[in-house]
Amino acid sequence: MGFKKDFFWGGATAANQYEGGWNEGGRGPALTDYTTGGSVKESRKVTWVDKDGNPHVTDQIPFNDTIPEEGAHYETLDGYLYPNREATDFYHHYKEDIALFAEMGFKMFRMSISWSRIYPTGVEEEPNQAGIEFYRNVFKELRKYNIEPLVTIWHFDTPLYLEETLGDWKNRDLIPLFVKFARTCFTEFKGLVKYWLTFNEINNTVNFLPDQMDDLYYQEAYQHLHNQFVASAKAVKIGHEIDPENQIGCMICGITYYPHTDDPKDILFNRYKWEKGIFYCGDVQCFGEYPVYAQKLWDEHHVRLDITEEDLKDLKEGTVDMYTFSYYMSQSVTTHKGEEETKGNMSTGVRNSHLVYSDWGWALDPTGLQYSLEKLYDRYRIPIMVVENGLGAFDEVEDGKVHDDYRIDYYIPHIKAMGDAIDNGVDLIAYTTWGCVDVVSAGTGEMRKRYGFIYVDKHDDGTGDMHRFIKDSGYWYKKVIESNGTDLSKP
Ligand code: BGP
């Protein structure tokens, strides 16, 4: 069996981490433009001034970034670098980069559309034509090489104006604004783009929330998610009306959870982790209604959601065509105290002695990918894509080359795991590796956490001439694609 003949091999990126050109072509700012660089030890910050003009620097609170005071606004402060602004400058290098993707034989390229490039504040009546033109040129360039675009409509970048004036996604006024944006994308790029994802890693909003957060925080997080579910469902419906050929997916951050011990309490706890962290979002987006266990999750934090009859109808009518997810790690979870916790950005859970951890504390676990693929396909029975997977690592340039064997060693068992899942019946149709070209890290804002098959000369201090070249892993991936996943041998 193995990979299907028309399997989509490729790579993935996101506008806020890759595109740059933050203040060009009529683009409006997004919150990521006011988020500083950080590291595995030092969290990223957002910078802002209060109504009296006093500067503030606060830790970025993922998925709830509204500034705490009325009259405050995000501001650039001296002494800080804002790496997402220029990122690795796809804006000015897209032709070169797409030619490199083509050289590696990509069949699919995942990217996102920056909302504020199409609607600079989010509230304009008419879209920014220069923004539309930019993406149209990109899609035409991809088509020139027969590379299928896979487009994420929202990848962590709401226009700043909406963050400051409406308070982000906990305000349901964002729903019609997003729907307008999505409609514009479906209309303008009809015939150029067929595969779409509505919200990137939509489950992050609650999956990474510690249980000890207060009830208000949970109330806002679940409302935020509900508003995104409705926005996504409406977009799916409109996308199908505009072009029945469109295939539209959800996108879930796919962590594989394991019970750390055989204590039945851990087995049950693990099941709850899957429900809250992974299934809650997939169930709503694939089945069109809230699962039975949702009430329990809300009750745990006294959450009372604003859900209208119309919302329930929208959710039913806007179910997705594909299930897609990112996969970087598994996590072992336990109810027992005193176990050694893993230390890494975005990761919680306890150390699994069977696994090796990346320099950023992520548990490397290809078997976990097979486990998730089989479990998720069995639940949803719709085509499935792995739209992010990869190794963030320190790369050294030697004589204009990067010998990144460690990255090849990472990919080989992950690709084998996908092949095994396919052999066991999973309808896997695409694999787009994360950060196929070096991009700014979402979690830490670093450049030195590199994932790419393509190296970009850009560094944490903002220096670098942006020249690009293919690393050893990129030449290896080319062979993998040519052989449709049958030749994984190392050079
Ligand atoms: C996912 C995001 C991506 C990406 C990736 C790697 O959560 O969808 O945007 O960045 O993780 O994470 P990081 O960049 O923190 O290494």
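Keep in mind the model is a prediction, meaning the values are calculated, not measured. In this chain, residues are counted from 1 in sequence order.
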Parallel, tilted or perpendicular, as decided by the 30° and 60° cut-offs, for the rings of [Y] and [X]:
X: F199; Y: W169; result: perpendicular
X: W362; Y: Y451; result: tilted
X: Y18; Y: F109; result: perpendicular
X: F279; Y: Y380; result: perpendicular
X: Y371; Y: Y258; result: perpendicular
X: W298; Y: Y290; result: perpendicular

I want to know whether W196 and F186 have ring centres closer than 6.0 Å.
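Yes - the distance between ring centres of W196 and F186 falls below the 6.0 Å cut-off.
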
Are the aromatic rings of Y161 and Y119 close, with centres under 6.0 Å apart?
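Here the rings of Y119 and Y161 have centres that are no less than 6.0 Å from each other.
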
Ion pair check, [X] and [Y], cut-off under 4.0 Å:
X: D243; Y: K194; answer: no
X: D306; Y: K170; answer: no
X: R172; Y: D311; answer: yes
X: K316; Y: E289; answer: yes

Test the K478-F453 pair against the cation-pi criterion, namely NZ or CZ under 6.0 angstrom from the six-membered ring centroid and within 45° of the ring axis.
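No, K478 does not lie over the aromatic ring of F453.
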
Is it the case that R136 places NZ or CZ above or below the six-membered ring of F189, under 6.0 angstrom from the centre and within 45 degrees of the axis?
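Not satisfied by the 6.0 Å and 45° rule.
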
Flag for D321-Q247: side-chain donor and acceptor within less than 3.5 Å:
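Distance-only check fails for Q247 and D321.
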
With F3 via ring-ring contact (aromatic ring centres under 6.0 Å, His included) - residues at least two apart:
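F3: ring-ring contact (aromatic ring centres under 6.0 Å, His included) contacts with F7, W9.
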
